[in-house]
Amino acid sequence: MPLTEPYDDHLPPEEQVAAARDTGGVDRSAGSEVASPPVDTEAGVEAITDAAGGVADPDAVGGVADLAAARGAADLAAAGVVADPAGAGGDDDGAPEPEPVLPEPVRQRIVTLTAAVLPVLPADEVPVPLRRVAKFAPNRRARLGAPAIATQLSADPLFRQRVSARVLTDAGDLGAAVVEGTAPAAADPVEVAALAYLARPSGWRELIEASGAAVRAEADSAVVAELVREAEQRATRAEHDRAVARVEAEKLRDELARVREELGQQREEARQLARTLRETQARERRATELLATERGRAARAGADADAELRRARARLAEAEAAAGAARTSAKEARSVDDARLWLLLETIGQAAVGLRRELALDPVDALPADFVADAFADQPGVATGAATRARDTDDPARLDQLLALPRAHLVVDGYNVTKRGFGEMSLEQQRKRLITGLGGIAAQTGDEVTVVFDGAERIPGLPPTPRGVRVLFSRKGETADELIRRLVRAEPSGRPVVVISSDREVADGVRRHGAYPLGADSLLRRLARS
């Protein structure tokens with residue numbers, strides 16, 4: 001930030017007067033007054049700050065700087081001191097020394113300190129170009145007004161002195177130390193340089209140069225630390241890569257050992273296969289020799305077979321002639337048997353009609369199983385034994401054969417079937433699915449179907465019972481197995497009764513009473529096929 005050396009209030013009064021005379025200021029001590037040319041302040045303000053952000057216009061800096069210098073000179077003249085805008089550190093010939101090159105952190109700190117002081121300064125002490133900047137928000141004041149603030153600090157020594165007075169007061173002991181030309185060793189070099197630039201004590205240029213060197217040293221230390229950190233990271237990555245490489249090498253060595261072992265096994269298998277191949281070739285040669293021998297034998301046998309075939313054909317012709325005569329005789333005999341059978345069936349039918357007429361039996365609506373359903377609690381009577389009619393099987397074709405018998409009665413052990421076929425469902429869903437499937441079987445076959453469930457009383461939530469299906473629940477103190485055996489005992493001897501249950505006790509009990517026990521899988525397969 002190129003700033004010219006402005007007025008320094010720490011200079012002796014004689015040097016201040018001389019500096020004021022060199023710049024055309026007012027020297028009240030000599031009794032003379034030098035006036036600066038009139039300046040259009042409003043034009044200077046508009047040239048310095050734009051309407052939006054108050055950013056300084058470098059082309060208009062000169063006029064406003066003259067205005068600020070004139071105002072500063074007038075204030076200092078009233079106090080008996082002549083301001084020197086060109087600075088007190090110039091050469092003997094009066095030429096001002098150039099502003100030092102400030103490090104970027106120092107420049108930013110100076111602007112930040114000045115921006116923080118602007119709102120607390122009286123309005124008449126704030127230069128016109130910075131009055132709009134002072135109204136900015138704190139975060140925008142230092143960012144957008146930085147050019148205007150830097151220009152005023154360089155061109156307006158009085159403004160810089162006012163700012164430095166506020167800043168030094170806020171800095172406390174550090175500000176006092178900087179004014180004395182010393183800086184504590186533990187102080188921030190950037191803060192010391194910023195205070196030195198604003199206060200301009202004796203040796204302030206050396207303080208700024210020392211701050212620049214410290215900032216550069218910190219930057220170099222940060223770069224070195226970053227390089228060291230990167231080197232450590234690279235070393236860590238390299239160590240990790242070496243560890244990974246060692247692990248991969250171990251894996252490859254293990255893989256190589258395994259491959260070598262497999263290669264040895266393959267070689268051994270190849271030797272065995274070669275030995276087997278040689279043995280097979282030897283057996284093939286022996287088989288070829290035997291084949292040639294057998295072909296000769298087969299040729300002789302073929303000739304013998306042809307001769308025997310001719311003889312067999314002759315005997316077949318004789319047998320066919322005899323069979324034709326036998327078929328004729330059998331047809332006549334079957335006609336006689338058919339006549340006898342028809343006459344027997346006609347006699348039985350007439351006898352059944354006569355018996356029905358003689359007994360005067362009316363058609364009944366109730367079946368034996370209905371009586372059992374109406375009286376669950378009756379004591380079972382002793383039934384006469386019957387011959388075993390069938391054996392356990394899970395073949396659905398066997399079930400179809402039994403249901404094809406006339407007036408068959410299908411009795412199903414409900415929970416025994418549902419828990420075996422679809423036990424993952426709830427009991428209500430199991431009952432609903434089984435009853436629906438049995439309704440389809442009853443509709444297809446026309447047979448009587450009874451399904452028995454364990455339960456002390458009828459369970460609510462049952463689906464409507466399909467036509468032809470009877471649903472029974474065992475009473476309290478009675479199991480479904482006992483109810484099934486009672487249903488079988490109630491049927492007349494000779495009626496086909498099919499009991500579906502995978503319970504061996506149930507199967508053995510109903511078989512003794514003449515029923516056909518089948519496993520639950522036969523019904524499940526039959527339902528799955530429907």
Side-chain angles (χ1 to χ4, degrees), residues 245-338 387-405 417 420-421 498 500-504 507-508 511 516-530:
R246 284 195 296 270
V247 174
E248 293 295 333
E250 291 295 334
K251 291 182 180 179
L252 291 176
R253 280 194 291 270
D254 296 341
E255 184 70 17
L256 179 60
R258 186 183 62 79
V259 170
R260 286 177 177 174
E261 183 179 356
E262 291 181 355
L263 179 60
Q265 295 176 357
Q266 294 293 335
R267 289 175 178 173
E268 182 63 25
E269 292 178 359
R271 285 193 294 270
Q272 294 178 359
L273 290 175
R275 184 167 56 254
T276 304
L277 178 61
R278 290 192 296 270
E279 295 175 355
T280 303
Q281 291 175 350
R283 287 196 298 270
E284 183 180 2
R285 287 192 297 270
R286 290 193 296 271
T288 302
E289 296 173 357
L290 292 175
L291 179 60
T293 303
E294 293 299 328
R295 282 179 178 175
R297 294 178 181 177
R300 291 192 299 270
D304 297 340
D306 289 340
E308 184 66 25
L309 179 60
R310 287 191 294 271
R311 291 192 294 270
R313 285 176 178 174
R315 290 195 298 270
L316 179 61
E318 296 175 356
E320 287 179 351
R327 281 195 296 271
T328 302
S329 301
K331 184 176 182 181
E332 294 176 356
R334 186 168 56 190
S335 299
V336 175
D337 293 338
D338 290 344
T388 301
R389 301 180 182 178
R391 60 181 180 178
D392 292 341
T393 177
D394 291 332
D395 187 3
R398 179 62 175 163
L399 177 61
D400 292 338
Q401 293 176 358
L402 294 175
L403 293 180
L405 297 175
V417 175
R420 188 178 184 89
V498 183
I500 303 297
S501 178
S502 295
D503 191 338
R504 184 176 298 276
D508 294 340
R511 185 184 291 112
Y516 297 93
L518 294 179
D521 290 340
S522 61
L523 179 60
L524 291 173
R525 295 178 184 175
R526 177 66 173 78
L527 293 175
R529 190 182 61 191
S530 300

Donor-acceptor pairs are to be reported for all side-chain atoms of residues 307-315 against protein atoms at under 3.5 Å, with residues two or more places apart or in another chain.
| residue | atom | partner | partner atom | Å |
| --- | --- | --- | --- | --- |
| Glu308 | OE1 | Arg311 | NE | 3.1 |
| Glu308 | OE1 | Arg311 | NH2 | 2.2 |
| Glu308 | OE2 | Arg315 | NH2 | 3.3 |

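Closest non-hydrogen pair, Ala520 versus Val417, comes out as CB-CG2, 3.9 Å.
With rounding to the nearest 0.5 angstrom, the CZ atom of Arg504 is 8.5 Å from the CZ atom of Arg511. Rounding to the nearest 0.5 Å places CZ of Arg525 at 12.5 Å from CG of Leu527. The distance from the CZ atom of Arg297 to the CG atom of Asp304 is 13.5 Å, given to the nearest 0.5 Å. Atom-to-atom distance recorded for Glu255:CD and Glu248:CD is 11.5 Å, nearest 0.5 angstrom.
Side-chain contact check for Ile500 versus Leu399: some heavy-atom pair is nearer than 4.5 Å.
Scored by the side-chain hydrogen bond (donor to acceptor under 3.5 Å, both in side chains) test, Asp521 finds Arg420 as partners (sequence neighbours excluded).
Atom CZ of Arg258 sits in a crowded spot, with more than 12 heavy atoms from other residues, nucleotides or ligands closer than 6.0 Å.
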Walk me through whether Thr293 and Glu289 qualify under side chain to side chain contact (heavy atoms under 4.5 Å, CB included).
CA-CA 6 Å; Thr293 303; Glu289 296 173 357; 5.6 Å; no
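The salt bridge (Lys or Arg N to Asp or Glu O under 4.0 Å) analysis of residues 267-285, with sequence neighbours excluded, yields the pairs Glu268-Arg271.
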